[in-house]
**Student:** 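I'd like to ask you about the structure that follows.
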Amino acid sequence: TISKKLDSVIRKIRGTGIISEANIEEALKAIRMSMLEADVNYKVVKDFVAAVKEKALGESVLNAVSPGQQFTKIVHDELASFLGEKNTGIDTSRTTTLIMLVGLQGSGKTTTAAKLGLYLKNEKKLPRILLVGADTYRPAAKEQLKKLAGMIGADFYTEEHNDAVKICKNAYSLLETKLYDIVVFDTAGRLHIDEEMIKEIEVIKKAIPMNEVFLVADSMLGQESVNVAKTFNEAVGLTGIVLTKIDGDARGGAALSMKYVTGVPIKFMGTGEKADRFELFHPDRLASSILG
Amino acid sequence: DLFTGKDAAACIEDIEQSLIEADIDLAIVDETVELIKKNRIKSYEEARVFLKKVFAEKLSDSSVKREIKGLYIIVLVGINGAGKTTAASKLASYYLGRNKKVMMAAADTFRAAATEQLETWGNRLGVAVIKGQENGDPAAVVYDAVAQAKKSQTDVLIVDTAGRLHTKSNLMQEIVKIKKVILKEVEEESVDTFIIIDANIGKNGYVQAKEFNEAMNLTGVILTKFDSSAKGGSIIHIKSDLGLPVKFITFGESTGDIEEFSAQHFVDEMFD
Ligand SMILES: Nc1nc2c(ncn2[C@@H]2O[C@H](COP(=O)(O)OP(=O)(O)OP(=O)(O)O)[C@@H](O)[C@H]2O)c(=O)[nH]1
Ligand SMILES: Nc1nc2c(ncn2[C@@H]2O[C@H](COP(=O)(O)OP(=O)(O)OP(=O)(O)O)[C@@H](O)[C@H]2O)c(=O)[nH]1
Ligand SMILES: [Mg+2]
Ligand SMILES: [Mg+2]
């Protein structure tokens, strides 16, 4: 693991009392390996290592009394800045908060819609939740969300046809006569490279003033995570990322990659299959699993 | 376009980057880069031809296709959302196209509307779907399905199971039990156990294959979502380290978006 590798390199540095460029190169190599192993995107790793190297070769480490400690601090500080600022969750101070979920096939959107509804119901004491079934493609997608809505005590809205945009617009019109605190729009899974399907969510976003647009992303995504996040962000303007299946053992480097490249904050994480397996995102756990 | 002198290092780094970006295991990337250097590859075009050859060899499945007499059972396992239920329907369509009598078992008794999802496919294809009680024992559904399949002279029974993470030992025990139930009713040679791996996933794809294999002896991999921009490079590590070949590849959400895996076709896609 990086911590062990980093530790042994750091110890060498401490041992001699002096730190050389060669020591630093060795440590950077270990960091690079660990991050690539953790599925951090190639270019993001390159940027990260360059940032650490620049600081490490500066006065602070080379002339430090304890260069090993100084180096470790630089690595952790840099990772913290890549992973982003304090998590502000969702602003639910309005009368009704509209949240749209988008993402690749199978990432966990439908399940997350129910989780989000339950979370806001319990955490923010907002009793009136509406889940909108706007996945008009996947067999039994509407049934799936309908069942989940029943399980968390939320209302469910859909229509029996294939026009997702129309369903969303009509759900939005419903708000003129029926009061809801939270409305979550579940959409069909789609590839970031499927222009027609990307167009569909662009149209929905243009037609309805969403307060939040979350990319629901599998925490196990590989190198393509950056392309996925960038494309969805450019299409609909993401306000947050939800990482799912954190209860697995993937190192989660995709999360760092997506956040770093788009600047979109990671808001929540799914930690299991049940509706209550949902938490506010914590960067420190991700940082230690990426550094190994 | 030629790797000349001082440019050679930059070109090698370029190639290394594209291999890493294809989600290929890092040790395999290193050994491949060493091979490129050792073979004195002089251009990107030469490298592409060489890489295709190297990886096609790594991926080709030399195992003999066995002749199945009587009922053939395919069990689909894998993590949540990988594409198992959809793959079940595609395999059903694939075997219908080969004039086989097909049946499906909806052994995901846990997830909301999982049975309805498979039943919709069954209705569309005209394939019987055996189901059980919601939250019932999936092994019981499988037992029923095998009995029904035998009774109705079914050629191929496809068992769809619930998604599960390999980190959950109780869920892994569940599929071990399902396999035991099946092996009480048919010969081991009549069963294939495929893990469904999503091409968008990174290094964890190999971990999944390793863990599922240790739990229940897999016989192959189905790589899904190859229509994405991801290259699915984890299948190389899965084949070279675990000996598990990819049997099918899916590249879309329609019933016809499935093909028997071809190593040559795959590397052509990967390096073009
Ligand atoms: N273990 C685990 N499973 C999850 C988590 N979130 C979702 N799942 C499971 O992942 C699978 C896919 O979830 P869905 O909600 O159907 O995914 P989706 O994005 O709506 O899928 P499509 O609509 O087909 O694109 C289901 O089996 C869920 O139970 C999580 O945090 N942990
Ligand atoms: N683009 C694309 N989407 C696919 C492919 N295979 C499956 N999908 C989609 O991926 C999503 C999940 O597929 P499912 O078949 O429900 O996955 P699963 O493994 O059965 O999910 P769980 O049972 O919840 O674990 C659906 O939206 C499918 O349409 C594929 O080859 N390409
Ligand atoms: Mg869904
Ligand atoms: Mg399924």
Side-chain angles (χ1 to χ4, degrees), chain A residues 33 36-43 45-46 104-111 114 137-151 188-194 217-228 231 244-254 270 272-273 275, chain B residues 16-27 29-30 79-86 89 110-124 134 162-168 171 198-205 207-208 211 224-225 227-234 252-253:
Chain A
M33 281 313 291
L36 288 176
E37 283 288 354
D39 290 324
V40 180
N41 177 267
Y42 185 91
K43 296 194 184 88
V45 173
K46 207 164 186 176
L104 296 178
Q105 289 90 344
S107 64
K109 298 173 293 300
T110 304
T111 312
Y137 304 87
R138 169 172 155 156
K142 292 171 182 172
E143 285 85 330
Q144 183 186 5
L145 190 59
K146 183 170 185 208
K147 281 200 179 162
L148 291 172
M151 286 188 215
R190 68 204 66 223
L191 292 182
H192 51 302
I193 54 172
D194 185 336
D218 202 315
S219 59
M220 310 183 199
L221 283 179
Q223 292 286 317
E224 280 301 292
S225 64
V226 163
N227 281 338
V228 174
T231 309
T244 61
K245 310 174 204 172
I246 296 282
D247 44 319
D249 56 7
R251 301 266 302 279
E273 296 177 72
Chain B
E16 188 196 42
Q17 173 174 348
S18 57
L19 293 176
I20 292 174
E21 290 180 330
D23 287 319
I24 296 174
D25 170 69
L26 297 181
V29 172
D30 282 346
I79 68 156
N80 309 71
K84 297 174 293 301
T85 305
T86 310
S89 67
F110 167 76
R111 207 208 69 212
T115 300
E116 288 87 325
Q117 185 186 4
L118 192 65
E119 277 190 303
T120 304
W121 283 117
N123 289 331
R124 287 183 190 179
E134 240 185 83
R164 71 204 65 230
L165 294 183
H166 47 284
T167 46
K168 315 263 167 90
L171 297 184
D198 179 338
N200 291 303
I201 301 306
K203 306 270 178 300
N204 202 255
V207 178
Q208 293 165 23
E211 296 295 319
T224 61
K225 307 177 197 172
D227 47 322
S228 179
S229 51
K231 304 284 184 163
S234 61
E253 298 180 82

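Below, chain A is the first sequence line, B the second, and so on; all start at residue 1. These numbers come from a predicted model, not from an experiment.
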**Student:** side-chain contact (heavy atoms from CB on, under 4.5 Å) with A/Pro139: which of B/Thr120, B/Thr85, B/Thr86?
**Tutor:** B/Thr120
**Student:** Once rounded to the nearest 0.5 Å, what's the spacing between atom CG of B/Leu165 and atom CE of A/Met220?
**Tutor:** 5.0 Å
**Student:** So for B/Ile79, is it side chain, backbone, both, or neither that comes closer than 4.5 Å to the heavy atoms of chain A?
**Tutor:** side chain
**Student:** Measuring heavy-atom distances to chain B, does A/Leu36 have an atom under 4.5 Å in its side chain, in its backbone, in both, or in neither?
**Tutor:** both
**Student:** Check this for me, if you would: do B/Glu116 and A/Lys147 make a salt bridge, where the nitrogen-to-carboxylate-oxygen distance has to be below 4.0 angstrom?
**Tutor:** yes
**Student:** Tell me, side chain or backbone of B/Gln208 under 4.5 Å from chain A's heavy atoms, or both, or neither?
**Tutor:** side chain
**Student:** Out of A/Lys46, A/Arg138, A/His192, return the one with the most heavy atom pairs under 4.5 angstrom to chain B.
**Tutor:** A/Arg138
**Student:** Working to the nearest 0.5 angstrom, can you tell me the gap between A/Asp39 CG and B/Ile201 CD1?
**Tutor:** 8.5 Å
**Student:** What residue in B/Gly83, B/Gly81, B/Ala114 has the most heavy-atom pairs under 4.5 Å with chain A?
**Tutor:** B/Gly81
**Student:** Please rank B/Val207, B/Asp25, B/Asn80 by heavy-atom pairs under 4.5 Å with chain A and give me the top one.
**Tutor:** B/Asn80
**Student:** Dump the intermediate steps for side-chain contact (heavy atoms from CB on, under 4.5 Å) on B/Arg111 and A/Thr111, then the final yes or no.
**Tutor:** CA-CA 10 Å; B/Arg111 207 208 69 212; A/Thr111 312; 5.7 Å; no
**Student:** Using non-hydrogen atoms and a 4.5 Å limit, figure out which bit of A/Asp218 sits close to chain B: side chain, backbone, both or neither.
**Tutor:** side chain
**Student:** Just verifying a value: how many Å separate A/Gln223 CD and B/Ile20 CD1, rounded to the nearest 0.5 Å?
**Tutor:** 7.5 Å
**Student:** With a 4.5 angstrom heavy-atom cut-off, could you sort out which part of B/Lys225 is near chain A: side chain, backbone, both or neither?
**Tutor:** side chain
**Student:** With a 4.5 angstrom heavy-atom cut-off, which part of B/Lys168 approaches chain A: side chain, backbone, both or neither?
**Tutor:** side chain
**Student:** For B/Leu171, which atoms come within 4.5 Å of any heavy atom of chain A: side chain, backbone, both, or neither?
**Tutor:** side chain
**Student:** Specify which of B/His166, B/Arg124, B/Arg164, B/Glu119 makes the most heavy-atom pairs with chain A at under 4.5 Å.
**Tutor:** B/His166
**Student:** Given heavy-atom pairs under 4.5 angstrom as the criterion, report whether the side chain, backbone, both or neither of A/Asp247 touches chain B.
**Tutor:** both
**Student:** Are B/Gln117 and A/Glu143 close enough, and set up right, to give a side-chain contact (heavy atoms from CB on, under 4.5 Å), and what steps lead you there?
**Tutor:** CA-CA 9 Å; B/Gln117 185 186 4; A/Glu143 285 85 330; over 6 Å; no
**Student:** To check you understand the geometry: which heavy-atom pair defines the closest contact between B/Ala113 and A/Ala140, and what is its length?
**Tutor:** CB-O, 3.8 Å
**Student:** Return the CG to CD distance between B/Asn200 and A/Gln105, rounded to the nearest 0.5 Å.
**Tutor:** 8.0 Å
**Student:** At a heavy-atom distance under 4.5 Å, which candidate from A/Leu221, A/Leu148, A/Leu145 has the highest pair count against chain B?
**Tutor:** A/Leu221
**Student:** Kindly determine whether A/Lys43 and B/Glu21 satisfy side-chain contact (heavy atoms from CB on, under 4.5 Å), including the steps that lead there.
**Tutor:** CA-CA 9 Å; A/Lys43 296 194 184 88; B/Glu21 290 180 330; 3.7 Å; yes
